[in-house]
Amino acid sequence: MSVRRSLCVGPLLFALIPAAQAAESPTGYHPWAHDHVKPLEIDARDLIAHPERYRQQPIDQPDFHALDDSKAPVGSYAQPDPSKAGHTPDGWQQRGNVVLPSPVAAGDLEVDPGVAHGMAVIPGNEYPRKHTLFLNFNGGMLYSGSDNSAENKSTLARQAVYPTYEGGEQKALSIIQAVEEDVANYGIIVTYAERPNPTVPYTMQMMGGQWTDTNIDSPAGGVAPGADCGALGQRHVVYTFASGGTSATQAANTASQEAGHAWGLDHTFNCDSVMSYCGVSNGGFSNECDGLCETQCQGPNSAGCRLTHEEYCGEGNDQQNEDAELAWIFGGNEPDMEPPEVTILEPEDGLELEAGADIRVRTLVSDNYGGYGWYYVITRNGEEMANFVDFDRQVDEDYRAALNLGGLEDGEWVITVGAEDQFGHITEDTVTVVVGDPSAAVDDTGEPPMGTTGDDDPTEGTGSADGGVADDGTTGRGCGCRAQGSTGGTGLWGLLLLGGFVLRRRRR
């Protein structure tokens, strides 16, 4: 057993828990927890001068059905070159095919499950939550940074173009079918032909490549960041190193295992489980309490989610019930038929203000399942100034989606807040604020007096809004090709997504 030290994050956790619960709630260590109770801050003057900073650029997704164009001849698959090994990021250590925070890998700290339970008060973090697993066979540019699947940012990325899967479309479809079967009992959608919309959190699994295409330092069949007990991250990027010669069964087992690590699961000794190293047949997530494989698989005292596993298998048992934990996080496979609810409480619609005024945007966002996200669209006199997803889901002390917009200049400002769930339901609410003399916001040519483009690198944000939506004014929130294992192919889930709709309320 490892030494159970607790790193106090009391101020964060107590800020996230209602006062009635705070006195009884534990505080402890969780590497994926961060302070959500901090409104976004945007200076409207910067917004006017550099709107490109507040728009998320669309990411092209190559044609899945063109995988055969990249198919390598049998026997021609390149072998990894160990001399090209990467360097595991500072603060992390590789343990087999999982990369752990250094205190966890050393056995100094274990993750307190009370943190995940306490953070369920944040909108979108509720349990159970629907989720999407995006199997990316087409590769593409990856950037180094904290995991954010919607922006191709990965803790373990080399910051380079990740290679395309070389096994061809038919083998890829076999892998997809096996992974669908693994998650068929849970509220997890598998998609592959198109990536999910950026508003909704999803796990991206890079399929193909070699371990030397990532920033890890030792050979592995796949890799994922671990110790996210309770799946707080929700936007992880994980890897399955599968050349065209790797069997579909082996690749699917690895893919499910790496996704499992991202959702807080450790290795076990059960050879019928995908969380085991020994299985070569088609495995799944075990519904039994299986012994944790630490010393032999990850290193001594390195099961960072041991305390979470104990909630299902008993204190001190050193066992894990994968099915029970995934059912707690994601619930069952029933479809989500209800759209989110979005109500802007502040500012009042039609509010009139003097030039230079500041406003607080406070919005109630909720849904019947967790796993949803929200975005902001801001226009001035009909021109789009911002269109971005609040990836960190920043809230105020009352857990309302929170944005502070300062220094408003003359004009009619229209603010839209929208939420999207994992089934493609989108709900929006909109308010209008009139600042100063709206007619003063345009000159005789009808153009805004301040430039809307600049020489600054549009990827250099201000830190106040992390991302957005497409530069062409579209949201990119359409329906992708999604599948769920229990129905086969796109089935019922895909049909529901194709029927996705937007609820809009405009208060006047």
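Within the model, atoms CZ of Phe285 and CH2 of Trp263 stand 5.5 Å from one another, a figure rounded to the nearest 0.5 Å.
Of the N and O atoms on the side chains of His261 and His236, not one donor lies less than 3.5 Å from an acceptor on the other residue. Under the 3.5 Å distance criterion, with hydrogens and angles disregarded, a donor-acceptor pair is assigned to the side chains of Asn125 and Arg393. A donor-acceptor contact closer than 3.5 angstrom is absent between the side chains of Asn287 and Glu322. Looking only at atom types and distance, the side chain of Glu294 has no donor-acceptor partner in the side chain of Asn301 under 3.5 Å away. Under the 3.5 Å distance criterion, with hydrogens and angles disregarded, no donor-acceptor pair is assigned to the side chains of His309 and Asp318.
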_Walk me through whether Asp147 and Lys153 qualify under salt bridge (charged side-chain N to carboxylate O under 4.0 Å, His left out)._
CA-CA 5 Å; Asp147 280 14; Lys153 292 181 181 178; over 6 Å; no
*Evaluate the criterion salt bridge (charged side-chain N to carboxylate O under 4.0 Å, His left out) for residue pair Glu334 and Lys130; output intermediate values, then yes/no.*
CA-CA 10 Å; Glu334 70 283 349; Lys130 299 297 184 182; 3.4 Å; yes
*Verdict with reasoning, Glu384 to Arg55, per salt bridge (charged side-chain N to carboxylate O under 4.0 Å, His left out)*: CA-CA 9 Å; Glu384 185 177 279; Arg55 297 175 183 149; 3.8 Å; yes
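Applying side-chain hydrogen bond (donor to acceptor under 3.5 Å, both in side chains) to His267 and the options Gln320, Gln257, Arg95 leaves one that passes, Gln257. Checking each of Thr132, Ile329, Leu133 against Ile188 for a side-chain contact (heavy atoms from CB on, under 4.5 Å) leaves exactly one that passes, namely Leu133. For the salt bridge (charged side-chain N to carboxylate O under 4.0 Å, His left out) with Arg360, the lone residue among Glu346, Glu348, Glu41 that qualifies is Glu346.
In this structure, Gln205 and Tyr239 approach most closely via the heavy-atom pair OE1-C, 3.6 Å. Here the closest heavy-atom approach between residue Trp32 and residue Pro225 is recorded as CZ2-CB, 3.8 Å. Smallest separation of non-hydrogen atoms from Pro113 and Thr308: CB-OG1, 3.5 Å. The minimum heavy-atom distance between Asp429 and Ile344, with the atom names listed, is OD2-N, 2.9 Å. Closest approach of Gly407 and Ala44 over heavy atoms only: O-CB, 3.6 Å. Gln61 and Glu194 make their closest contact through CG-CA, 4.3 Å (heavy atoms, listed as atom of the first residue, atom of the second, distance).
Residues Tyr376 and Ile42 fail the side-chain proximity criterion, which asks for heavy atoms closer than 4.5 Å. Within the 4.5 Å cutoff, no side-chain heavy atoms of Val238 are placed close to those of Met204. For the pair Pro39/Leu403, no side-chain contact is recorded, criterion being any heavy-atom separation below 4.5 Å from C-beta on.
Using the six-membered ring where Trp is involved, Phe134 and Tyr202 have ring planes that are perpendicular, over 60° apart on the 30 and 60° scheme.
Residue Tyr143 qualifies as open at atom OH: its count of foreign heavy atoms under 6.0 Å is 12 or below.
Counting only distance, with no hydrogens or angles, the side chain of Glu397 and the backbone of Val37 share no donor-acceptor pair below 3.5 Å.
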